[in-house]
Amino acid sequence: MVRFIISRLIKAAILLLAILTLNFLLIHAAPGDPAAVMAGEAGAADEEFIRQLRERFGLDKPLITQLGIYLGGVLQGDLGFSYRQQVPVADLIFDRLPATLLLTMTAFVIALTLGTLAGVLASARVGKWSDTFISTAALLFYATPLFWVALMAVLVFSVHLNWLPAFGFETVGSGYTGFDRALDVARHLVLPAVTLGLFFMAVYMRMTRASMLEVSQLDFVKTARAKGLKNSIIQRRHIFRNAMLPVVTLAGLQAGQLVGGAVLTETVFAWPGIGRLMFEALQQRDYNLLLGVFFVSAAMVLLFNLITDILYRVVDPRIRVA
Amino acid sequence: MMGDFWKRFSRNRGAVIGLFILLLVVVVAAIAPLLFPDSPWRMVQRPFLPPFEMSEYPLGTDTIGRNVISGLAYGAQVSLLVGLVSTVVSLLIGIPIGALAGYFGGFVDDALMRFTELFQTVPNFALAIVLVAIFEPSIYSIIAAIAIVSWPPVARLVRGEFLSLRQREYVEAATLSGQSHAAIIWRQILPNTLSPIIVLASLMVATAILLESSLSFLGLGDPNLMSWGYMIGAARTVIRQAWWLSFFPGVAILLTVLALNLIGEGLNDALNPRLARKGK
Amino acid sequence: MKTRLALLAAALMLSTSAFAQPVEGGRANVVIQPEPPSLMMGLVQNGPTQMVAGNIYESLLRYDENLEPMPQLATDWEISEDGLTYTFHLAEGVKWHDGEDFTSEDVVFSVDVFLRETHARLRQSLEHVESVEAPDDHTVVFTLKQPFGPFIGIFEAGTMPMIPKHIYEGTDFANNEMNNTPIGTGPFKFEEWERGSHILLTKNEDYYEEGKPYLDEIYWHVIPDAAARAVAYENGVVDILPGGSVENFDVERIANLENSCITEKGWEYFAPHSWMWLNNREAPFDDARFRQAVMYAMDREFARDALWAGLGQVATGPVASSTRFYTDDVTQYTYDPAKAEALLEEMGYDGEPVRLLPLPYGETWQRWAEAVKQNLEEVGIPVEIVSTDVAGWNQRLAEWDYDMAFTYVYQYGDPALGVSRNYVSTNIAKGSQWNNVEGYENEEVDRIFDEAAVAVTPEERQELYTEVQKILVDEVPVAWMLELGFPTIHRCNIKDLVTSAIGLNDGFKNAYIEEAE
């Protein structure tokens with residue numbers, strides 16, 4: 001197991017460097033640069049002024065040299081400085097990361113638990129009213145644009161019913177501390193987390209239902225039934241455990257993709273996470289900051305993939321033995 | 001053969017409903033210029049006219065007085081176009097990569113799969129945003145970006161099919177009879193992978209439409225084409241004053257994507273009867 | 001009659017506020033958008049930086065709404081008859097926030113050393129300056145190479161902030177540690193900055209103006225979403241919304257809330273003037289008739305009413321009405337599609353499509369570009385909107401890669417500072433968005449602008465500027481749109497918030513909070 005993890009980690013590190021290089025080249029291909037953007041905000045600038053800025057940021061060096069300097073820094077654990085905000089990129093990202101993690105993890109947990117639960121429920125009642133209802137709902141969530149659900153939720157629950165706050169991470173300037181603050185954040189979290197979770201909930205529900213049905217037709221289940229085992233034990237021990245395999249795989253792949261979906265959710269709900277940070281950095285051509293966000297989110301995807309693989313080995317006895 | 005296909009397809013009631021909705025959307029897109037000769041960008045009435053007040057503008061007007069229903073009709077063109085073309089492009093990238101990886105295996109497979117992983121590790125939507133921003137928003141950059149982030153699942157699917165099919169006897173027979181690799185891939189294996197590809201493609205069109213609308217929502221749409229995502233994005237800040245501006249385009253996206261998903265399931269039933277029986 | 005009543009009312013209001021006793025204490029909760037990259041105003045001069053740091057840093061003068069100079073760090077000043085020597089007498093007993101004395105040496109250092117290196121806009125004005133000297137601790141003398149009419153107008157905090165010599169002399173300005181804890185002479189001191197959340201400034205107890213400031217602290221809230229900012233104001237989290245904080249569609253609703261006041265004042269010095277650059281180098285924009293047709297084709301009143309909440313006014317030409325030497329005695333381009341079509345017909349326009357670059361500053365600007373596109377297409381000019389972000393927009397303008405491009409530019413009170421730069425042919429150079437980007441060349445215009453800048457009396461200057469405005473408006477080198485209104489919205493019981501031509505950027509030294517009625 002340890003060797004497996006180490007080899008996966010090395011692979012992941014190489015992949016990360018490749019991703020950084022690819023993104024570095026991509027971003028530098030974009031029109032404009034941070035010097036021009038910053039000069040643009042100054043209200044006046046001539047060629048000379050912009051040249052000075054470029055020199056200060058090292059943007060006057062050949063691209064390949066810049067790439068070398070950047071990757072060299074990353075290897076030493078230094079993600080560089082944000083050009084625009086003049087603070088280390090790592091500080092900016094770790095300021096925002098907790099908000100994104102809170103949002104995506106809550107959404108993920110909601111999606112996974114409710115999704116599989118609904119899937120199991122539906123599979124136990126194939127063709128009945130409750131199955132139809134759950135399946136239809138899943139189909140609808142699956143086809144709905146995330147940002148639109150978010151807006152409609154704001155309209156209903158914030159504007160009309162006034163139950164939940166529409167925007168933000170917490171009540172600005174409220175001065176809440178301790179439990180009050182946690183409660184305040186939780187209230188703000190409900191709408192973004194649920195809307196972000198809906199789509200994935202639908203995915204897991206459909207997958208669980210299909211998988212449960214498939215596994216229940218397999219030989220070993222039939223054998224168990226023939227042996228006269230209790231139905232609930234068969235459900236739990238045999239079917240559910242095996243049916244979860246593809247769900248876990250998919251969840252691992254998608255946990256990282258949640259970060260992408262978070263860009264939209266964070267935009268609609270003004271949630272101060274790294275999705276928005278990425279969008280802002282992109283528009284200001286804050287190269288280091290943008291690359292930093294990509295680095296962190298790609299690292300998260302790889303981490304989730306690794307966890308999935310480990311979980312897979314735990315869940316699936318065949319792989320564990322091998 | 002065809003009749004058989006239709007029989008199995010139409011047994012799925014949802015799929016027929018989906019097909020009906022999709023046809024409706026296609027027809028509206030096709031005759032939009034006849035229904036609404038005016039440009040959907042034209043400011044025709046006072047801004048913020050609520051729906052159901054004037055029969056000429058049944059869904060009201062937007063922030064600067066443009067006809068919402070006309071925008072919906074023209075938006076259908078953009079959604080369908082982007083959905084179809086970007087899916088075709090991602091098939092053109094994904095099928096060859098998957099086929100080569102699955103057919104040759106070994107080092108080729110390894111290299112191609114690492115390359116595929118590269119694209120799967122960066123969050124899809126984030127990569128699409130960066131691509132569109134870099135090449136500046138236009139219908140071409142949007143299609144390209146969607147295709148670039150959508151092909152990896154195709155490659156993986158095709159690779160898997162090739163891996164299992166190339167062990168079959170008829171492929172071995174073809175190899176022994178001296179057929180070239182290209183001929184075997186093209187004539188022997190590929191035709192047998194078409195069914196799952198078609199099913200996947202129908203779902204990809206749906207995803208592409210969602211992606212396009214998300215990009216437009218963020219202001220990264222083609223500024224010269226009225227699209228559903230754009231309409232919702234432009235209405236976001238006025239949601240308190242004008243619910244209808246974001247509501248109707250959202251319903252349009254929902255119905256279209258739903259229709260495509262239903263059709264996808266129907267196709268699955270019709271093309272992969274073996275799987276369908278298992279309740280997938 | 002109506003005007004006289006209004007004047008009377010204004011006079012009454014002035015007198016009551018002069019007698020009202022300011023209340024001490026309290027905290028001002030203000031929105032800041034976007035979050036400033038830095039508060040060191042000598043290095044960064046973007047809008048939000050100026051607004052927050054305007055409380056920390058000061059300059060020698062301030063300006064009233066008619067752009068007449070008022071004392072600040074300089075208590076009085078003289079200008080020699082020939083317009084070449086400017087002598088400033090500095091206030092006594094002024095201390096930097098760290099307790100050091102502020103002296104004329106700081107002024108010389110700020111202008112001649114620091115800002116000459118870092119401040120792109122001031123640097124251009126300083127080209128007229130022969131020397132800056134400090135004959136004693138409280139006197140500064142500027143000697144010019146030739147008379148420069150607008151010179152008295154550049155002693156504003158955003159243009160010429162005073163920088164402490166004892167902290168910066170001999171250091172690498174851009175990387176000085178102290179940039180994170182700015183030290184100025186202003187009414188408020190830097191206290192803390194939690195990025196992504198807030199900036200806190202506290203009262204400068206040793207401020208040199210007796211009794212001021214009145215507020216204990218200013219709390220700047222960073223709320224990166226327009227709708228959320230509106231909610232924050234409605235919920236009472238913030239009490240002041242600077243111009244541009246909320247979507248224009250929301251302005252009317254918010255201004256009508258209880259105890260909510262709105263003012264368009266405090267932008268006279270900047271006079272944000274919006275126009276479309278027209279690339280004069282290329283057909284069809286090389287034909288003046290085409291450019292005139294563009295002016296007639298646009299419904300600018302609709303744009304103001306539908307997109308700008310009815311605030312601001314239609315621009316008549318290159319000079320904003322609050323800038324000095326403005327005249328409205330020029331050709332008027334009212335919305336007239338028929339006239340536009342006739343002009344296009346006359347010049348034989350072939351219907352070649354043109355590209356339009358919107359300003360990537362959010363919804364309002366995007367909608368505006370769409371409306372203009374529609375206006376132009378209705379007179380037969382096909383328009384393709386090119387979408388881009390801030391970086392791409394900068395790049396295209398700097399490289400002249402556009403046909404039409406939205407922009408808005410500050411005028412800084414005087415045509416020689418904020419107008420001529422966009423029209424004189426000597427200012428055509430790639431790489432900047434503030435020069436003659438449109439590539440307009442007219443020797444007559446060059447000559448008049450040159451003469452007007454160095455003319456000594458205001459009368460002479462007015463005559464010359466009137467002449468040049470007439471020429472420019474007939475030739476339409478760029479398509480002027482609106483004098484933009486950026487309303488400040490605030491609780492009515494916050495008094496004397498805007499007391500000069502730079503509004504909130506001037507700092508809150510006069511502001512105080514009355515008990516809400």
Side-chain angles (χ1 to χ4, degrees), chain B residues 37-49 61-67 70-71 74 78 129-142 145 212 215-227 229-243 245-246, chain C residues 225-231 234 246-254 298-299 302-310 353-358 360-378 382-393 395-396 401-402 406:
Chain B
D38 266 349
S39 157
W41 298 97
R42 183 145 190 234
M43 298 152 280
V44 289
Q45 246 294 327
R46 74 172 174 87
F48 294 110
L49 176 77
T61 64
D62 74 356
T63 53
I64 58 173
R66 296 176 298 212
N67 190 356
S70 159
Y74 283 89
V78 178
I129 290 176
V130 172
L131 287 170
V132 172
I134 288 171
F135 298 111
E136 304 204 326
S138 72
I139 188 92
Y140 305 105
S141 66
I142 291 167
E212 186 278 332
L215 288 169
S216 298
F217 172 76
L218 286 178
L220 294 170
D222 187 316
N224 298 293
L225 297 173
M226 182 65 81
S227 87
Y230 158 84
M231 292 172 82
I232 301 177
R236 179 179 103 77
T237 50
V238 291
I239 184 134
R240 289 158 164 271
Q241 293 99 312
W243 59 271
L245 295 183
S246 18
Chain C
D225 180 84
R229 289 192 286 275
V231 172
E234 285 172 78
V246 295
E247 291 289 341
N248 289 330
F249 304 110
D250 241 2
V251 165
E252 194 184 338
R253 184 177 67 84
I254 291 174
M298 291 188 298
D299 189 349
F302 170 82
R304 182 196 57 195
D305 295 340
L307 295 165
W308 289 92
V354 297
R355 296 172 298 164
L356 170 60
L357 206 58
Y361 285 2
E363 296 294 321
T364 299
W365 291 94
Q366 193 64 36
R367 290 300 89 69
W368 201 356
E370 289 158 14
V372 164
K373 171 186 160 114
Q374 200 53 36
N375 278 160
L376 294 183
E377 291 194 334
E378 273 163 31
V383 178
E384 185 203 344
I385 295 182
V386 178
S387 191
T388 177
D389 55 16
V390 178
W393 179 83
Q395 171 93 354
R396 280 175 186 267
D401 177 19
Y402 72 96
F406 271 90

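Sequence lines set the chain letters: A, B, ... in the order given, protein chains first and strands last, and positions in each chain run from 1. Because the structure is a prediction, the values reported are computed rather than measured.
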- Between C:Val246 and C:Ile254, which heavy-atom pair has the shortest distance, and what is it? CG1-CD1, 4.0 Å
- Query: Between B:Gln241 and C:Phe249, what is the shortest heavy-atom contact and its length?
  - Reply: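 Closest approach of B:Gln241 to C:Phe249, heavy atoms only: NE2-O, 3.4 Å.
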- Query: Heavy-atom distance under 4.5 Å to chain B: side chain of C:Gln366, backbone, both or neither?
  - Reply: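 Side chain only.
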- Item | Aromatic ring pairing C:Tyr361/C:Trp365, orientation class (parallel under 30°, perpendicular over 60°, tilted between) |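 Ring orientation, 0 to 90° scale: perpendicular.
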Go through [options] and name the one with the most non-hydrogen pairs under 4.5 angstrom from chain B.
options	value
C:Arg367, C:Glu363, C:Glu247	C:Arg367
C:Asp389, C:Asn375, C:Asp250, C:Val386	C:Asp250
C:Ala226, C:Ala306, C:Ala371	C:Ala371

Heavy-atom contact with chain C under 4.5 Å, split by part of [X]:
X	value
B:Tyr230	side chain
B:Pro47	side chain
B:Thr63	both
B:Arg66	side chain

Indicate yes or no: does [X] engage [Y] in a salt bridge with an N to O separation below 4.0 Å.
X	Y	value
C:Glu384	C:Lys373	no
C:Arg229	C:Glu234	no
C:Arg396	B:Glu136	yes

- Item | Largest heavy-atom contact set with chain C, pairs under 4.5 Å, which of B:Asn224, B:Ile239, B:Asp62, B:Ile64 |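 Heavy-atom pairs under 4.5 Å are most numerous for B:Asn224.
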- Classify the side-chain pair C:Glu370/C:Gln374 by whether it contains a donor and acceptor separated by less than 3.5 Å.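 Judged by distance alone, the side chains do not pair up.
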